[in-house]
Amino acid sequence: MEGSLLKEFNPYLCYKNGSLYLEGVSLSDLAREIGTPLYVYSASYIRERVRAYYEAFPGSLVCYAVKANFNPEVIRVAGEEGAGADIVSGGELLCALKGGIDPEKIVYAGVGKTREELELAVDKEILMFNVESEEEIYVLNDIADRIGKRVRVSVRVNPDVDPKTHPYIATGLRKSKFGVDIENAKDLFKKAADLKNLDVVGVHCHIGSQILDVSPYEEAVSKVVDLCDDLIREGFEIRCVDIGGGLGIKYRPEDREPTPGDLAKAVRPHLSRLDLQVILEPGRSIVGNAGLLIAEVLFVKNKGHKHFIIVDAGMNDLIRPSIYDAYHHIVPVEDRDENYVIADIVGPICETGDFLAKDRRIRDLRRGDLIAVLSAGAYGFSMASHYNVRPRPAEVLVENGSYRVIRSRETYEYILYEKNY
Ligand SMILES: *Cc1c(COP(=O)(O)O)cnc(C)c1O
């Protein structure tokens with residue numbers, strides 16, 4: 001594979017003498033020392049992505065969406081570049097705090113926040129709750145009252161735009177469970193403003209994920225800024241607008257990845273109408289192409305009509321191909337063979353849906369060879385499970401030629417015995 005294509009995925013990814021390196025670290029050395037399956041993330045890439053958002057949106061707050069990759073050391077790298085955190089659960093709040101994020105830079109969305117989760121977030125004095133229903137505002141007000149605190153809220157609105165992405169990750173359509181319909185939102189703002197422990201300070205939206213064409217953002221932000229304008233005219237003290245995350249990344253060789261600058265160009269005309277603090281919540285576009293998944297070929301099985309390459313990473317390690325039919329580019333870690341085959345690259349899980357790639361043209365691989373699954377830094381480990389009682393993979397962070405393990409490979413003891421009953 002040409003080096004120029006690899007660099008389009010991640011500028012720190014290259015072959016040296018036929019062997020794949022990320023930020024100057026040999027991936028076959030890492031696999032030998034730490035084993036497979038193994039997630040590897042490039043810290044410099046994460047830093048550059050956060051900086052790119054701040055350059056495109058000066059004065060904004062970039063809240064990294066923890067659900068894309070919740071490893072506290074990954075969060076810490078983003079935080080060191082000034083990022084806050086966008087969380088959707090109590091567990092993610094604890095990850096963000098463990099990663100060193102200041103609570104004053106944490107925003108909390110989610111349609112189903114529990115009482116315990118809300119109490120934890122109120123207690124930690126996070127920046128803002130992005131509330132998604134009328135009932136939630138009463139419960140939140142009650143909790144804030146009992147703890148004796150005031151909390152800031154934005155209302156998540158549903159601008160009813162089609163982000164032209166996979167239906168499971170389109171979140172801004174009227175039929176979705178998220179937010180409140182933008183036409184009826186004013187009513188909820190009024191109700192929230194009447195509650196004595198809530199300060200209603202902003203409007204939030206998040207229209208979906210893996211959005212490669214920025215035009216739906218333009219439509220959504222235009223509608224949301226109209227609403228802010230209306231609310232301000234009616235006397236609400238709206239100070240911020242949170243335009244969510246969702247910017248898509250390159251998964252296929254032919255994909256063109258939009259930059260934070262492309263997003264800024266599309267939405268700036270609308271944002272500049274009002275003097276509001278802008279909040280962004282990028283997840284995938286910060287960490288997606290920072291990471292890859294290394295796996296080892298266990299067996300090769302030729303059924304005549306079909307060639308299977310069976311590797312030691314399965315849908316429990318990376319579920320995106322199985323549930324979204326997602327494409328992940330796959331390259332050999334040692335690029336020595338000149339021959340290509342057309343193969344299904346599959347995992348060891350007992351499901352036909354357990355595959356990493358289908359009918360893929362790839363170098364002929366043999367037992368013991370290593371593969372790198374690209375674009376696996378987001379929604380990879382964070383969606384991993386113990387299905388088939390498989391310990392979850394180790395995670396490694398590389399930077400400037402050195403590496404450190406940021407999560408050890410799980411043991412059977414961890415899954416089975418440690419205070420689980
Ligand atoms: C998932 C999510 C994000 C991040 O989406 P990406 O596509 O990873 O950028 C941001 N905000 C909210 C509310 C989300 O649910």
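Read the numbers this way: they start at 1 and go in the same order the structure lists the ligands and their atoms. Atom set for the values below is all heavy atoms of this structure, side chains included, hydrogens, waters and symmetry mates excluded.
Scanning the protein for heavy atoms near atom 2 (C) of ligand 1, the closest one is Lys67 NZ, 2.3 Å. In terms of protein heavy-atom proximity, atom 7 (O) of ligand 1 is closest to Ser209 OG, 2.3 Å. Nearest non-hydrogen protein atom to atom 8 (O) of ligand 1 is Tyr379 OH, 2.6 Å.
Taking a cut-off of under 4.0 Å to the non-hydrogen atoms of Arg284, the atoms of ligand 1 that pass are 6 (P), 8 (O), 9 (O). With ligand atoms numbered from 1 in the order given, ligand 1 contributes 5 (O), 6 (P), 7 (O), 9 (O) to contacts under 4.0 Å with heavy atoms of Gly246. Within ligand 1, the atoms closer than 4.0 Å to a non-hydrogen atom of Gly245 are 9 (O), 10 (C), numbered from 1 in the order shown. Shown in contact with Pro282 at under 4.0 Å from a heavy atom are these atoms of ligand 1, numbered in order with element: 9 (O).
At a heavy-atom cutoff of 4.0 Å, ligand 1 is contacted by no atom of Ile211, backbone or side chain.
Under the 4.0 angstrom criterion for non-hydrogen atoms, Phe178 is not in contact with ligand 1. Distances shorter than 4.0 angstrom do not occur between any heavy atom of Gly244 and any atom of ligand 1.
Relative to the six-membered ring of Tyr340, Arg361 meets both conditions, a distance below 6.0 Å and an angle of at most 45° to the axis. At least one cation-pi condition fails for Arg409 and Tyr414: the charged atom is not both under 6.0 angstrom from the six-membered ring centre and inside a 45 degree cone around its axis. Stacking of Lys113 on the aromatic ring of Tyr108 is recorded, both the 6.0 Å distance cut-off and the 45° axial limit being met.
Considering backbone and side-chain N/O of Asp86, one or more are found under 3.5 Å from N/O of ligand 1. An N or O contact shorter than 3.5 Å links Gly283 to ligand 1 by distance. For the pair Glu281 and ligand 1, the shortest N or O to N or O distance falls below 3.5 Å.
Distance alone, capped at 3.5 Å, is enough to place a donor-acceptor pair between the Asn69 side chain and the Asn71 backbone. One N or O on the side chain of Asp262 and one on the backbone of Thr259 form a donor-acceptor pair closer than 3.5 Å.
Summarising the geometry of Glu136 relative to Asn130, their closest heavy-atom pair is OE2-O, 4.3 Å, with the distance given to 0.1 Å. Nearest heavy-atom pair, Lys196 versus Arg150, reported as atom, atom and distance to 0.1 Å: O-NH1, 2.5 Å.
Salt-bridge formation is detected for the pair Arg115/Glu119: a Lys NZ or Arg NE/NH1/NH2 atom is positioned less than 4.0 Å from an Asp or Glu carboxylate oxygen.
Here Phe9 and His329 bring their ring centres to under 6.0 angstrom of each other.
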